[in-house]
Amino acid sequence: MTDNETSSTGNFIRQIISEDLKKNKNNGEVITRFPPEPNGYLHIGHAKSICLNFGLAKDNNGECHLRFDDTNPCKEDIEYVESIKNDVKWLGFDWGKHLYYSSDYFDKLYEYAIALIKSGKAYVCSLSGEEIREFRGTLKLPGKNSPYRSRTIEENLELFEKMRVGEFEDGTHVLRAKIDMSSPNLTMRDPTLYRIRRVTHHRTLNKWCIYPMYDFTHCLSDSIENITHSICTLEFENNRPLYDWVLDELKVKCHPQQIEFARLNLTNTIMSKRKLLQLVEEKYVSSWDDPRMPTLAGLRRRGFTPVAIRDFCERIGVAKADSEVNIALLEHCIREDLNKKAQRVMVVLKPLKVIIDNYPEDKVEEFEADNNPEDPSMGKRKVPFSKIIYIEKDDFMEDPPKKFFRLAPGREIRLKHAYYIKCESVVKDEKTGEIIELHCTYDPDTRGGWSNDGRKVRGTSHWVSASHGVLTEVRLYDHLLLDKSGDDKDFISLLNPDSLKVLNDAIAEPSIKEAKKDVPYQFLRQGYFCVDSIDSTSENLVFNRTVSLRDSWSKIAKAKKQ
RNA sequence: UGGGGCGUAGCCAAAUGGUAAGGCACGGGACUUUGGUUCCCGCAUUUCCAGGUUCGAAUCCUGGCGCCCCAGCCA
């Protein structure tokens, strides 16, 4: 990003903040927060929010808090808080000393609740859950007041205290705000503030058996932390009047401004935590960090970089219109980053044996190869060459169509870094007709892959010497969902059956033995790959395909078929 | 059908009354020892629709239409 771009108008939230700064609102401070609930792993949609909140703080000399919104112990788990901290750090953001938990505020929240009761703005309601729903009314019809709405302050105080000390069963009583049962905004129809849950909380353990609801907790937590801009997604727009109501009634010193933006939707995947959990629990994927998952853990294992993800979040923009970003943009971002960084190696994914008839039996030559043509500082390496090599099955066609300019009977191609070879004959399996091997001849005058006689060789293939090659496992990943939008209820039927293809007999050049985890590779002419962080060992190398290279031939081939 | 939002290209998204940025995708060309990268060129006579105000409207007004969110003791 250039200075030019940062100084442009930017998104509407940036504009609001710079207006506030101009007016010296909040004493010129910008304090934001990223408030995940620890009930699942972070995904790329959260990355948008993280980049927004931390980015806004950073660009305005402010601070951004990481706050776990842990008010529902039934769904939350310590495993998730660890993964979330790890993922935020990995993405490249630092909350410094500002790590908080809503549960840290349970005492204060309880005091606030009492204050609300004392001012006559909250009451203990003893309707059942079902009755509360009935009394709430509908979109068109106003609700009815709860018969418990007129309890005295003393009575409410006593009941609420009994709720706290555990005298009541789950679901028997709740604390409600006394607002307006006929409000056209359903969230204002005496919303529940506290409910009884006799479960152990992952941080407060058994100290509490009443837990505050989101609408009560969130605004007050923001206020306690002196948040200036509380940025959330569109579906909370209906809750904003309640956010403001609570803070106004309690007359708190700090009243943050809630601003809503559209959450990220991406084609060919799903972002719903519930659905992602379902994929994990029903074993459609191996785990939360399965490389097909849009989770940060999955993307990381897939080989995505924080740079690419941040760039993506920058490019998609921030607005209020519901939208769905094409996953091609994410793929563009990772290619752009990896092209600069990835070490090139030759790996034959689907090997086809080639015997070079006129090459001496036991001769071995070494060719020098650029590790990265985009970056000479990455140096060179040696690649051994011999009489028997493997090339990619897809690089040969017995009866090639017009625009195919790779190997075919009687045709010549260049072996990258090595020689020109010409296909002399094809050996097939007698029974199946399958091509088993190719016999070729090489031109000794083309050493290094070049000739001075002006010969035109359009095709260049990667290759691996058979006797030097290293067998590796390669996992080819593709979109999780076949169709663009996964919003359907029946998203399981949209799962791409080919989202993972495992190749067990890929053969790599010997330098692959030095492959390191966390280093990106480009398998020449194929795509970007990384060592699998979990399953790869020095004996059994396992690579994950991050993303394929752009492939204009496949487009031509596809067009021909149709 | 109550309330709250949102409609600018295939997908995102700028524009703040002065004559429709940018990116992705797509198409064409150049270059290329990766059919990669890079580089050029093209891609909205018009902003959901219809009226109106104005010298001038994506922006303002009126009226339609379409989509999203809300009836958890979830967040």
Side-chain angles (χ1 to χ4, degrees), chain A residues 5 8-11 15 35-37 39 69 71-72 74-75 125 127-129 132-134 136-143 170-176 182-189 191-197 211 213-215 217-218 232-241 260 262 264 267 273 314-333 335-336 339-340 344 346 369-370 373-374 403-406 414-418 420 446 448-450 457-462 484 522-527 548-557:
Chain A
E5 283 166 300
S8 70
T9 49
N11 62 60
Q15 291 178 24
E37 183 189 12
N39 68 345
D69 212 347
T71 58
N72 186 357
C74 304
K75 289 187 181 175
C125 179
L127 251 22
S128 70
I132 286 181
R133 185 165 16 99
E134 283 162 11
R136 184 154 35 223
T138 67
L139 294 180
K140 276 193 246 175
L141 270 34
D170 286 14
T172 52
H173 307 271
V174 292
L175 183 73
R176 289 228 252 171
S182 62
S183 169
N185 179 349
L186 303 209
T187 93
M188 298 299 269
R189 318 241 266 226
T192 300
L193 267 19
Y194 268 87
R195 75 290 217 193
I196 303 170
R197 284 274 180 283
Y211 292 96
M213 300 284 290
Y214 166 84
D215 285 308
T217 309
H218 202 89
C232 62
T233 45
L234 251 27
E235 67 271 26
F236 291 103
E237 224 154 11
N238 297 317
N239 301 48
R240 192 171 64 222
E260 310 84 11
L264 171 66
T267 63
K273 274 198 209 176
E314 194 62 47
R315 290 188 192 223
I316 55 177
V318 177
K320 291 196 72 161
D322 289 309
S323 64
E324 186 173 51
V325 175
N326 198 306
I327 201 163
L329 180 57
L330 215 211
E331 293 169 348
H332 169 82
C333 292
R335 285 191 187 107
E336 188 172 80
N339 178 50
K340 289 180 290 191
R344 271 61 171 174
M346 293 198 286
D370 286 326
E374 305 291 320
K403 284 187 175 170
F404 185 87
F405 39 86
R406 316 212 288 213
R414 168 172 36 241
L415 294 177
K416 177 88 178 169
H417 309 303
Y420 292 178
T446 58
W450 192 252
V457 177
R458 289 202 71 183
T460 300
S461 279
H462 57 284
K484 282 183 28 176
Q522 185 195 100
F523 290 4
L524 226 61
R525 302 207 303 134
Q526 301 282 181
S548 66
L549 250 33
R550 284 183 68 205
D551 180 4
S552 52
W553 162 245
S554 76
K555 276 179 204 164
I556 297 169

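The shown structure was predicted, so the numbers you read here are calculated from the model rather than taken from an experiment. Numbers restart at 1 for each chain; the letters A, B, ... are given by sequence-line order, proteins then strands.
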- Is A/Thr460 reaching over with its side chain to a backbone N or O of A/Lys416, donor-acceptor style, under 3.5 angstrom? no
- Message: Please report the distance separating the P of B/rC55 from the corresponding atom of B/rA15, rounded so that it comes out in whole Å.
- Response: 27 Å
- Item | Same-atom distance (P) from B/rA13 to B/rG51, integer angstrom | 29 Å
- Is A/His417 touching bases, backbone alone, or none of the nucleic acid, heavy atoms closer than 4.0 Å? base
- Under a 3.5 Å cut-off for both distances, is B/rG51 Watson-Crick or wobble paired, and to whom? B/rC61
- Query: Looking for any heavy atom pair under 4.0 Å, which part of the strands does A/Val457 touch: base, sugar-phosphate only, or nothing?
  - Reply: nothing
- Task: Using the C1' atoms only, state how far B/rG56 lies from B/rG66, rounded to an integer number of Å.
- Result: 30 Å
- Item | Position toward the 5' end of RNA chain B (nearest nucleotide), A/Ala319 or A/Ala328 | A/Ala319
- Query: Does B/rU19 have a Watson-Crick or wobble partner in any strand here, with both distances under 3.5 angstrom, and which is it?
  - Reply: none
- Query: What is the distance from CD of A/Glu260 to C1' of B/rG5, rounded to the nearest Å?
  - Reply: 9 Å
- Could I get the full list of side chain to side chain donor-acceptor pair (under 3.5 Å) partners for A/Thr446, not counting sequence neighbours? none
- Within the pair A/Lys140 and B/rG3, is there a side-chain N or O less than 4.0 Å away from OP1 or OP2? no
- Query: How would you label the glycosidic angle of B/rG22: syn (within 90° of 0) or anti?
  - Reply: anti
- Item | Gap between atoms CD and P, on A/Glu237 and B/rG5 respectively (whole Å) | 6 Å
- Note on the structure: In B/S/- notation (B base, S sugar-phosphate only, - none; protein heavy atoms under 4.0 Å), nucleotides 34-42 of chain B written 5' to 3' is BBBB-----
- Reading 5' to 3' through nucleotides 70-75 of chain B, protein heavy-atom contacts under 4.0 Å coded B for base, S for sugar-phosphate only, - for none: BBSBBB
- Message: Without decimals, in angstroms, what is the distance between A/Asp322 CG and B/rA13 C1'?
- Response: 15 Å
- Pick the C1' atom in B/rU53 and in B/rA58, then give their distance to the nearest Å. 16 Å
- A/His332 NE2 to B/rG22 P: how many Å, rounded? 15 Å
- Note on the structure: The residue among A/Arg335, A/Glu331, A/Gln526 that forms side-chain contact (heavy atoms from CB on, under 4.5 Å) with A/Ser548 is A/Arg335
- Mark yes or no for whether A/Arg189, through its side chain, and A/Ser183, through its backbone, hold a donor-acceptor pair below 3.5 Å. yes
- Under the side chain to side chain donor-acceptor pair (under 3.5 Å) test, residues paired with A/Lys320 that sit two or more places apart: A/Glu237
- Message: Donor-acceptor pair, distance only, cut-off 3.5 Å: does the side chain of A/Asp551 make one with the backbone of A/Ser554?
- Response: yes
- Message: If I pick the P atom on B/rU45 and the same atom on B/rU37, what distance separates them, to the nearest angstrom?
- Response: 30 Å
- Given atom CG of A/Leu330 and atom C1' of B/rG23, what is their separation to the nearest angstrom? 14 Å
- What are the two closest non-hydrogen atoms of A/Thr71 and A/Tyr214, and how far apart are they? OG1-N, 4.5 Å
- Task: Apply side chain to side chain donor-acceptor pair (under 3.5 Å) to A/Asp170 and list each qualifying residue two or more places apart in sequence or on a separate chain.
- Result: none
- Task: Taking side chain to side chain donor-acceptor pair (under 3.5 Å) as the test, write out the residues that go with A/Ser182, two or more places apart.
- Result: A/Asp180
- Item | Rounded distance (Å) that lies between atom P of B/rC11 and atom CD1 of A/Ile327 | 17 Å
- Item | Separation of atom CG in A/Leu264 from atom P in B/rC11, rounded to whole Å | 16 Å
- Length of the line joining A/Asn326:CG and B/rA9:C1', which is rounded to integer Å: 14 Å
- Item | Who pairs with B/rG2 - Watson-Crick or G-U, where each distance is under 3.5 Å | B/rC70
- Pairing partner of B/rC26 (Watson-Crick or G-U wobble, both distances under 3.5 Å): B/rG42
- Task: Give a yes or no answer on whether the side chain of A/Arg344 reaches the backbone of A/Ala369 with a donor-acceptor pair at less than 3.5 Å.
- Result: no
- Note on the structure: Re B/rG56: Watson-Crick or G-U wobble partner, both distances kept under 3.5 Å, found to be none
- Query: Between B/rU62 and B/rC11, how far is it from one C1' atom to the other, in whole Å?
  - Reply: 33 Å
- Quote, to the nearest angstrom, the C1' distance that separates B/rU59 from B/rC74. 40 Å
- Taking atom P in both B/rG52 and B/rG10, compute the distance separating them and give it to the nearest angstrom. 28 Å
- Is A/Ile196 close to A/Thr172 at the side-chain level, that is, under 4.5 Å between some pair of heavy atoms? yes
